[in-house]
Number of protein chains: 2
Amino acid sequence: MEKLSRKERDRISREEYIVDAAEEVISEKGFDAATMDEIAEKAEVGKGTLYLHFNSKSAIYLAISVRGGKILNQKMSQVLSRDLSGLEMIEEMGYTYLQFIQQNPHYYRAFNFFENALSENKLTESSLVDECEQVGMEAMTYAVRALQIGMQDGTIKDTFDPKELGVIFWGASRGVVQVAYMKESRRHMKVLDDVTFSLETLIKGFIEIIGSGIKK
Amino acid sequence: MEKLSRKERDRISREEYIVDAAEEVISEKGFDAATMDEIAEKAEVGKGTLYLHFNSKSAIYLAISVRGGKILNQKMSQVLSRDLSGLEMIEEMGYTYLQFIQQNPHYYRAFNFFENALSENKLTESSLVDECEQVGMEAMTYAVRALQIGMQDGTIKDTFDPKELGVIFWGASRGVVQVAYMKESRRHMKVLDDVTFSLETLIKGFIEIIGSGIKK
DNA sequence: TCAGAAAATGACCGGTAGTCATAAAAATGG
DNA sequence: CCATTTTTATGACTACCGGTCATTTTCTGA
């Protein structure tokens with residue numbers, strides 16, 4: 001078994017290395033402009049080797065998405081372990097998400113790629129798709145957990161199903177952060193040009209509204 | 001001038017016809033899978049002709065996006081003209097948006113394409129990009145108008161800047177509807193599998209939360 | 001040491017967005 | 001009405017890229 005497991009470890013570290021290279025190339029040039037030849041060169045392997053480990057260019061991007069999702073989930077789980085009320089946790093998660101997106105825009109784009117591809121049924125079944133969904137589900141679980149805590153400690157109203165509230169909170173946060181992110185990007189929507197307030201104000205406003213909407 | 005304007009009208013109707021064809025092909029097969037040759041064939045013109053009217057495949061998709069945005073804006077403006085309180089208008093706009101997305105998923109995908117491309121700086125300056133932004137700005141204006149009405153008739157609290165609130169409402173709605181839409185699509189996120197409530201429940205919940213969050 | 005298995009490789013293929021030399025059509029004007 | 005210029009249309013062609021596969025290289029275990 002020892003030999004097999006070393007082989008397995010080799011395979012995984014090789015794949016991690018390929019994902020490293022892809023992450024660099026794709027964050028630099030964008031997914032469409034990045035070519036498999038470039039990724040192979042950066043990873044110092046032949047192009048064919050990429051296809052030994054990943055079924056397609058998209059699959060590599062999904063692997064990047066999984067990586068980012070795991071990092072984000074780690075941060076989310078840390079919020080849950082802090083000594084906060086449920087409502088404070090929810091607020092903290094909102095900020096954590098925003099901060100992560102701001103600091104890791106390339107992971108954000110990878111998340112979007114996954115969700116987009118999923119909602120357009122472009123993805124075939126594969127272990128990577130499953131993993132992406134698993135990661136998404138985990139993130140969702142943290143939000144639901146925080147909501148349940150808030151319902152128990154009396155900081156959040158318990159007239160909603162926590163899962164339902166989780167989906168709403170998740171979707172709304174994603175949307176607001178997306179808008180916020182667009183405002184950050186160099187070439188952003190003109191719609192947002194004459195909006196003078198800062199990102200922080202925007203998110204604070206959102207969290208305030210949601211907060212007072214779900215507060216007991 | 002009459003002659004020039006006839007020429008102009010001819011050009012525009014030709015372009016509309018191309019967009020008709022593209023809309024058919026793209027809604028049927030998706031943007032990536034649709035080919036310029038197919039679109040040309042459907043429009044009964046040579047492929048080169050497409051490029052006389054549009055700079056790229058993406059440009060055609062932007063034209064589709066503009067078309068959808070105008071239809072949606074028309075519906076939004078109708079909400080504003082109804083005899084409702086500001087808060088009711090906001091709620092009604094949320095439902096209108098959801099309904100539009102459900103009934104016109106291909107326009108929804110076109111909107112996403114535009115926003116995605118924009119946030120990744122893939123779009124070069126062009127009149128079409130400007131037009132897309134114009135349309136987006138108009139939609140935003142309707143929401144802000146409704147919020148202002150609500151602040152005046154006392155149904156919405158006036159502690160926020162209406163524009164700021166508009167951006168938040170816009171972003172959050174987009175996010176929730178996106179999640180809702182994913183639940184509708186055949187191959188949706190596993191995250192949503194064990195969520196038993198319906199779309200309507202979800203949106204109602206969201207509007208309720210936002211409503212009680214911004215209610216005076 | 002060597003045969004057979006496993007992994008790696010890059011030349012090659014199919015397909016598509018976009019171009020451009022050429023042709024058709026339309027406008028001009030005498 | 002025809003000749004000439006300008007505008008518009010066309011599809012064969014090019015460049016490029018994701019993905020394949022016959023061949024080569026490396027590994028393994030007896």
Side-chain angles (χ1 to χ4, degrees), chain A residues 1-23 25-26 28-64 113 117 120 122-124 126 128, chain B residues 1-22 25-26 28-64 110 113 117 120 122-124 126 128:
Chain A
M1 278 298 102
E2 164 57 21
K3 215 191 298 172
L4 191 92
S5 113
R6 193 174 65 80
K7 237 173 136 180
E8 183 73 355
R9 270 189 287 116
D10 278 0
R11 189 181 60 79
I12 288 173
S13 79
R14 178 67 56 101
E15 282 173 8
E16 287 298 308
Y17 194 69
I18 290 174
V19 175
D20 285 346
E23 207 174 311
V25 176
I26 292 176
E28 205 170 298
K29 324 187 61 169
F31 180 70
D32 288 347
T35 71
M36 290 302 265
D37 286 285
E38 273 177 292
I39 293 170
E41 195 182 4
K42 180 79 87 179
E44 292 169 297
V45 296
K47 179 155 69 154
T49 308
L50 297 183
Y51 287 89
L52 289 180
H53 296 274
F54 299 94
N55 288 325
S56 64
K57 190 182 174 188
S58 300
I60 296 182
Y61 208 24
L62 290 190
I64 293 174
F113 175 83
E120 297 191 24
K122 274 186 223 154
L123 299 176
T124 52
S126 85
L128 263 168
Chain B
M1 278 301 100
E2 167 54 24
K3 216 191 299 173
L4 192 92
S5 113
R6 193 175 64 83
K7 235 173 134 178
E8 185 73 354
R9 272 189 286 116
D10 278 0
R11 190 181 58 80
I12 288 173
S13 79
R14 179 68 56 102
E15 282 173 8
E16 286 299 308
Y17 194 67
I18 289 174
V19 176
D20 285 345
V25 176
I26 292 176
E28 203 169 300
K29 324 188 59 170
F31 180 70
D32 289 346
T35 72
M36 291 300 266
D37 286 286
E38 272 177 291
I39 293 170
E41 195 183 1
K42 180 79 87 178
E44 291 168 298
V45 296
K47 178 154 72 152
T49 308
L50 297 183
Y51 287 89
L52 288 181
H53 295 275
F54 300 94
N55 289 323
S56 64
K57 192 181 172 187
S58 300
I60 296 181
Y61 208 24
L62 289 190
I64 292 174
F113 175 84
E120 297 190 22
K122 272 187 225 151
L123 300 176
T124 52
S126 86
L128 262 168

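It should be emphasised that the depicted structure is a prediction, and the values quoted were computed from it without experimental measurement. Residue numbers begin at 1 in each chain, while the letters A, B, ... track the order of the sequences.
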Given the rule in the side chain to side chain contact (heavy atoms under 4.5 Å, CB included) test, do B/Glu120 and A/Phe31 qualify, once you have shown the distances and angles that lead to the verdict? CA-CA 10 Å; B/Glu120 297 190 22; A/Phe31 180 70; 5.7 Å; no
Which nucleotide wins on minimum distance to the side chain of [X], given the candidates [options]?
X       : options               : answer
A/Tyr51 : D/dT20, C/dA17, C/dA8 : D/dT20
A/Leu52 : C/dG18, C/dT9, D/dT10 : C/dT9
B/Lys57 : C/dA17, D/dT10, C/dT9 : C/dA17

Please report, rounded to the nearest Å, how far the [atom2] atom of [N] is from the [atom1] atom of [X].
X       : N      : atom1 : atom2 : answer
A/Tyr61 : D/dG18 : OH    : C1'   : 17 Å
A/Arg14 : C/dT9  : CZ    : P     : 8 Å
B/Leu50 : C/dT16 : CG    : P     : 15 Å
A/Glu41 : D/dG18 : CD    : P     : 14 Å
B/Met36 : C/dG18 : CE    : P     : 6 Å
B/Ile39 : C/dG18 : CD1   : P     : 11 Å
B/Glu44 : D/dA9  : CD    : C1'   : 15 Å
B/Phe54 : C/dA17 : CZ    : P     : 16 Å

Do the side chains of A/Phe54 and A/Val19 get nearer than 4.5 Å, heavy atoms only? yes
Measuring only between side-chain heavy atoms, which start at C-beta, is B/Leu123 closer than 4.5 Å to B/Leu62? yes
Taking any heavy-atom pair under 4.0 Å as a contact, classify [X]: base, sugar-phosphate, or nothing.
X       : answer
B/Arg11 : nothing
A/Lys47 : base
A/Ala34 : sugar-phosphate
B/Thr49 : base

Quick check on C/dA7: is either OP1 or OP2 less than 4.0 Å from any side-chain nitrogen or oxygen of A/His53? no
Is the backbone N or O of A/Thr35 less than 3.5 Å from a side-chain atom of A/Lys29, with the two atoms forming a donor-acceptor pair by type? no
Check for a donor-acceptor pair, side chain of B/Lys42 on one end and backbone N or O of B/Asp20 on the other, with a separation under 3.5 Å. no
Nearest-nucleotide check on DNA chain D, A/Phe31 vs A/Gly48; residue mapping nearer the 5' end is A/Phe31
